[in-house]
Amino acid sequence: MESMQITQLDYHTARALLEWQVEFGVDETMSENPVNRFEVKPEPKKTAPVAAPPKIEAGIAPVADKVDGAALARDVAMAAQDIGALKTALEGFEACELKRGARNMVFADGTFGGRVMVIGEAPSRDEDRSGLPFTGDTGVLLDNMLKSIDLSRAETVYLTNVLPWRLPRGADVSEADLAMMMPFVERHVALAKPDILVLMGNVACQAVLGKRGITRLRGQWGEAMGLPVISMYHPEFLLNNPAKKREAWADLLALKAKLGVTE
Ligand code: URA
């Protein structure tokens, strides 16, 4: 019944109707205007959703409400024909939420085309500020480790991380973020063409080898992306566990020996 009709009712009819409702148990009014719960509303016309496929141009990743981030990353990364294009593509990649919480994207440092490519986990606070991988305390230790076997960023080593953006404080790396970033890492490796890959810590091992357990994996040679790969303790772990530097030293010697062989 419409509110207009009610206001037009005479006093006695309106009262009789109200009493009738009270008899049925109505003891409260919810709003000024009555709501007809039996009304059948016509269904809104359905129009078929038109999902335009994301258009990939070199270096530009489109933003979409619901995108398959990993698939988009593959397309975008594969479209990059050189290292500059890959960096631009990553800068324009909007599907990874981590980007929104980061100050800077951390892409790479060191010698592009160097014989050794180090893959770390993700920028920490220092790297998020500097925009370069391994620039904090972990970077100092890493540089010393490399120097001990005559390697350096300046001449022989190229550095990157699996994740180019800092993780929120206390957050773990998610499988989804790894899946989304790995196409970029793979393309990065393919363009840098190192002789050897060094995986620093569990996250890099999980991303590249699909395995965790750095205590077991460290010092072992494997193969990934068509290259020899060695896993090592992450320098941050070594800062907190200095007794493990002995094993790290053995792994560095194994790296040095392998470089001699592959020379
Ligand atoms: N830890 C990493 O794995 N990478 C960095 O760049 C810094 C800290």
Side-chain angles (χ1 to χ4, degrees), residues 83 86-87 90-91 93 96 98-99 101-112 114 116-147 151-154 156-189 192 194 196-215 217-219 224-225 229-242 244-245 247-248 251-252 255:
I83 197 67
L86 187 68
K87 188 174 181 196
L90 201 49
E91 276 162 350
F93 190 75
C96 182
L98 295 177
K99 181 179 184 180
R103 245 185 229 209
N104 280 304
M105 183 184 93
V106 174
F107 185 67
D109 192 27
T111 306
F112 177 71
V116 176
M117 184 161 174
V118 170
I119 303 180
E121 173 184 327
S124 299
R125 199 187 53 169
D126 292 312
E127 293 78 17
D128 184 47
R129 289 199 174 146
S130 68
L132 293 170
F134 291 104
T135 45
D137 292 347
T138 49
V140 174
L141 177 57
L142 178 59
D143 284 340
N144 287 336
M145 288 164 68
L146 296 172
K147 196 169 160 201
L151 297 177
S152 71
R153 301 187 198 220
T156 31
V157 180
Y158 188 57
L159 304 143
T160 192
N161 285 310
V162 174
L163 301 181
W165 296 291
R166 187 185 185 185
L167 287 163
R169 192 186 287 256
D172 285 330
V173 180
S174 74
E175 293 278 347
D177 287 336
L178 289 187
M180 221 184 289
M181 289 302 112
M182 270 316 283
F184 289 101
V185 174
E186 284 166 0
R187 191 74 188 134
H188 208 155
V189 172
I196 290 173
L197 288 177
V198 176
L199 306 178
M200 288 294 179
N202 260 324
V203 170
C205 290
Q206 183 185 348
V208 175
L209 303 172
K211 297 177 189 169
R212 283 182 82 93
I214 191 64
T215 316
L217 293 171
R218 60 141 280 272
M225 306 176 212
V229 182
I230 189 164
S231 310
M232 291 193 190
Y233 286 134
H234 194 286
E236 191 169 323
F237 174 78
L238 293 173
L239 284 175
N240 296 323
N241 301 272
K244 296 288 184 187
K245 284 184 182 169
E247 288 162 298
D251 301 343
L252 286 166
L255 172 60

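One-based numbering, in listed order, for ligands and for the atoms of each. All values derive from a computational prediction rather than experimental measurement.
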Glu247 meets the salt bridge (Lys or Arg N to Asp or Glu O under 4.0 Å) criterion, sequence neighbours left out, with Arg218, Lys244
Sequence neighbours excluded, the answer for side chain to side chain donor-acceptor pair (under 3.5 Å) partners of Thr156 is none
Residues at least two apart in sequence or cross-chain that pass side chain to side chain donor-acceptor pair (under 3.5 Å) with Ser174, listed by chain then number, are Asp177
Within the 4.0 Å heavy-atom cut-off around ligand 1, the contacting residues, ordered by chain and number, are Gly120, Glu121, Ala122, Ser124, Glu127, Pro133, Phe134, Thr138, Asn161, His234
Indicate, with yes or no, if the rings of Phe112 and His188 have centres closer together than 6.0 Å. no
In this structure, CG of Leu141 is separated from CG of Leu239 (nearest 0.5 Å) by 5.0 Å
Close side-chain approach of Arg125 and Arg166, heavy atoms under 4.5 Å:
yes
